[in-house]
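Report on the structure given below.
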Amino acid sequence: MKATILFLLMLLLVAAAGFVFLFQGGLRLRDEARQIAADNDSLRAQAAEAELELAGEVATREATAATLATAEHNALLLEGQLVDSQLAAEELATQAATLGQESDGLRDELAQLQGEAQTRPPVARIVTPLDAAIVPLDQPVQVVLVASDAAGLTELTLEVDGRRYVSYPLDGETLHARTLEWPAPAEAGEHTFTMSAVNLNGVSSESQTITVQVQDIEAANAAIRAEVEANVVALRGLEPLAPITPVVLSRDALRDRLAADMAAEGDPDASRDDVLELSAFDFLERDYDLYAAQLELQGDGILGFYDPETAEFVVVNEGALLDAPAQWTHAHEFVHALQDQHYDLDALTDDAVNSEFQAAVRALAEGEADLVQRLYLTEGGFFSQEEFQAIVTEIAQSDGSELDDYPPVLISSLSFPYSSGYRFVETLYDAGGFEAIDAAWADPPRSTEHILHPERYLAGDAPQIVTLPPLTDTLGVGWELLEDDILGEFFLREYLDQQLAAAVAERAAEGWGGDRYAVYWNEATGGLVMALRLVWDTAEDATEFAAEYPDYPAGLLGVVAQPQPDGSACWVRGEAICFLQAGAESWVVRAPDTATAAAVLAALRAPDA
């Protein structure tokens, strides 16, 4: 029994030892498995890293291959360019050699020419007067002589009518110019001028001879004017009611007369008031020299004019025979003399009538004169083809660029009676000939609206009479009235055109039915107030103006409108421009501030205004 127990114990010990051995072996196997797994992960990481390095090397190799290919391509290009450069260098070398040979040839030719020049006779020319020139009686004639010679000049001689007139010794100059005066005789006749020169070698030039005609130019011009005037009478169908004798002035004398006339019409304060009035509509800056601008425009630009106040027909002439363009201008101005005798042009200078009526009558006068002038050119057969071309050329050369420095309002106001006046008169003439124009003088247009829209004149669409109350009490002490007048459709359009598109400005002003404006000035504060009341042909015209006008002050001042308690809108920046549409009437007020503008609007709209 004991032996059995001992045997069993031994078996248990053996089993325990086996279990321990197996357990330890399992532990070792598990540890080895974990080590193998770790080694496996490490190997995978190393393999991935190796793959990345390999991919980098592949990419580097590809980039290197691409760079190498580019370098090889560039090398080929450079080789091609080098070949081209070598060819170009060879071509340039050939050209240089050719140019060198040509240069040598030119040097030889120059030397030959210089040698020939030494043996050639001098060159002598009379620059002025021109051959066949017409010069006035008993007036000094400027003569310009020029001579040249490579060897050098020793003498310059001028003969008149075959006799030596003057001789100048020279000191070897190769080029010499001389200006002198020849007193024309008091009798008409033909005279010859002959010029010659001698060089250092004793060689004389070929003589140059010109012929000049000494004439009584004023008598010749008087005959030309008489012929032009007779043609105009026949063309227009109006006979002079009294002799018309022109006053002939030089350009300088004309400037002096215009300056005297402008000085007699007003003082510098009056010109300043005109500038302030125009500045109220943004046409001029307040410091603009209007007097000087008007004097320049009239003194330099006109060839003649008719003065209704003195009934004088003034023409500009510097002592020259009237050419075709001057004759054509004379025809225009002579029409004005006929107009004054038949229809009385006093309205052009009558301060008792408003400026709109004056502008309309002036447009009728200038439009008719332009029409007759154009008919004189195209239908009368009064000019040769050469004279016709001279007139057309002179017109084409007058591009108007000399007017670019003047404010647009001055140019447009000067051109309006001619351009728009011509279209007005042309409409009448096409409808009824000169009889229709005679009828217009009997019942003249009364507004620029009539001139711009002849159909409204023919339909009897008279401008509406608009009034404004005085504002001196409203504005208070220190304010004075500068002007109270009518703006009219033309100047309303010009005003709007400064900020609105031309088509918009024309459309907004087209429904004009009448207006009145007033401009006030405060000398002490430099304040300016402008009040404008507009009425329209239709309610639609009023609505259209109300829709478009706000863009004017917004564009001018660069601000948005501020609604006001009285229903107006004001744009404020340094000053205030306020607009109010009341039914079929429009009100525009410009003032130093909104309070002043509101007071002015209230006064204008008062029941008893």
Side-chain angles (χ1 to χ4, degrees), residues 236-238 308 335-336 338-340 342-372 413 416-468 484-496 505-517 532-546 582-586:
R236 177 59 179 90
L238 292 178
V335 174
H336 291 319
L338 294 176
Q339 290 169 342
D340 194 30
H342 284 267
Y343 306 119
D344 190 0
L345 298 181
D346 285 345
L348 298 179
T349 56
D350 188 357
D351 292 335
V353 299
N354 62 68
S355 61
E356 265 291 274
F357 182 70
Q358 286 183 337
V361 173
R362 183 174 295 278
L364 172 60
E366 295 296 351
E368 182 190 9
D370 257 10
L371 173 69
V372 173
S413 61
F416 171 79
Y418 297 91
S419 57
S420 298
Y422 173 76
R423 288 190 291 270
F424 173 81
V425 171
E426 184 183 37
T427 300
L428 302 182
Y429 182 77
D430 290 344
F434 282 115
E435 289 183 0
I437 298 173
D438 293 336
W441 280 110
D443 181 20
R446 297 191 170 274
S447 67
T448 55
E449 178 193 34
H450 282 165
I451 302 301
L452 294 169
H453 310 283
E455 71 282 0
R456 298 183 188 177
Y457 163 74
L458 294 172
D461 180 14
Q464 301 179 48
I465 298 175
V466 180
T467 61
L468 288 177
D484 179 4
D485 204 349
I486 299 175
L487 191 63
E489 181 178 342
F490 170 71
F491 275 108
L492 176 61
R493 187 177 67 185
E494 292 294 305
Y495 168 60
L496 298 176
E506 182 176 349
R507 186 172 63 249
E510 191 173 356
W512 180 93
D515 76 69
R516 196 80 189 179
Y517 74 88
L532 172 64
R533 178 188 178 191
L534 292 156
V535 296
W536 304 96
D537 289 334
T538 67
E540 290 77 11
D541 294 327
T543 301
E544 185 168 24
F545 181 82
E585 295 190 357
S586 304

Fill in the blank from the handout: So CD of Glu426 and CG of Leu428: to nearest 0.5 Å the spacing works out to 10.0 Å
Completion exercise
With sequence neighbours left out, the residues meeting salt bridge (charged side-chain N to carboxylate O under 4.0 Å, His left out) with Asp344 are none
Exercise for the section: Would you please test Tyr517 and Leu492 for side-chain contact (heavy atoms from CB on, under 4.5 Å) and show each step? Expected result: CA-CA 11 Å; Tyr517 74 88; Leu492 176 61; over 6 Å; no
Exercise for the section: Kindly state each residue pair satisfying side chain to side chain donor-acceptor pair (under 3.5 Å) with at least one member in residues 356-365, sequence neighbours excluded. Expected result: Glu356-Thr448
Fill in the blank from the handout: In this structure, CD of Glu506 is separated from CG of Leu496 (nearest 0.5 Å) by 11.5 Å
Exercise for the section: Determine yes or no for a side-chain-to-main-chain donor-acceptor pair under 3.5 angstrom, with Arg493 supplying the side chain and Glu510 the backbone. Expected result: no
Exercise for the section: Applying salt bridge (charged side-chain N to carboxylate O under 4.0 Å, His left out), name anything that partners Glu544, two or more places apart in sequence or on another chain. Expected result: Arg507
Practice task
Compare every heavy atom of Ser413 with every heavy atom of Phe491, then report the nearest pair and how far apart it is.
Solution key: CZ-CB, 3.9 Å
Exercise for the section: Only counting residues at least two apart or in another chain, list the ones meeting side chain to side chain donor-acceptor pair (under 3.5 Å) with Ser586. Expected result: Trp536, Gln581
Problem - Leu534 side, atom CG; Glu489 side, atom CD - distance, nearest 0.5 Å - result: 11.0 Å
Fill in the blank from the handout: ring-ring contact (aromatic ring centres under 6.0 Å, His included) filter on Phe357, not counting sequence neighbours, yields none
Exercise for the section: Verify, without hydrogens or angle tests, whether Asp541 (side chain) and Thr538 (backbone) share a donor-acceptor contact under 3.5 angstrom. Expected result: yes
Completion exercise
So CG of Asp346 and CG of Asp340: to nearest 0.5 Å the spacing works out to 6.5 Å
Practice task
Give a yes or no on whether the backbone of Asp485 and the side-chain of Asn354 come within a donor-acceptor separation of less than 3.5 Å.
Solution key: no
For a quick test of your reading: what N or O donor-acceptor pairs under 3.5 Å do the side chains of residues 439-447 make, sequence neighbours left out?
unit_1, atom_1, unit_2, atom_2, d
Trp441, NE1, Glu368, OE1, 2.9
Ser447, OG, Glu449, N, 3.4
Ser447, OG, His450, N, 3.2

Exercise for the section: Can you sort out the partners of Tyr495 under ring-ring contact (aromatic ring centres under 6.0 Å, His included), two or more places apart, ordered by chain and number? Expected result: Phe281, Tyr552
Fill in the blank from the handout: Ser419 meets the side chain to side chain donor-acceptor pair (under 3.5 Å) criterion, sequence neighbours left out, with none
Fill in the blank from the handout: Sorted by chain and number, sequence neighbours left out, salt bridge (charged side-chain N to carboxylate O under 4.0 Å, His left out) with Asp438 holds for Arg236
Handout entry: Sequence-distant partners of Asp537, side chain to side chain donor-acceptor pair (under 3.5 Å), two or more places apart
Key = none
Handout entry: Trp512: partners by ring-ring contact (aromatic ring centres under 6.0 Å, His included), with sequence neighbours left out
Key = none
Handout entry: Under 3.5 Å: donor-acceptor pair, side chain of Asp515, backbone of Gly488
Key = yes
Exercise for the section: Could you grab the distance from atom CZ of Arg423 to atom CD1 of Ile451, nearest 0.5 Å is fine? Expected result: 11.0 Å
Problem - Side chain to side chain, Tyr343 and Ile437, heavy atoms closer than 4.5 Å - result: no
Fill in the blank from the handout: The ring-ring contact (aromatic ring centres under 6.0 Å, His included) partners of His453 (sequence neighbours excluded) come to none
Handout entry: Straight-line distance of Glu455 CD to Phe424 CZ, nearest 0.5 Å
Key = 10.5 Å
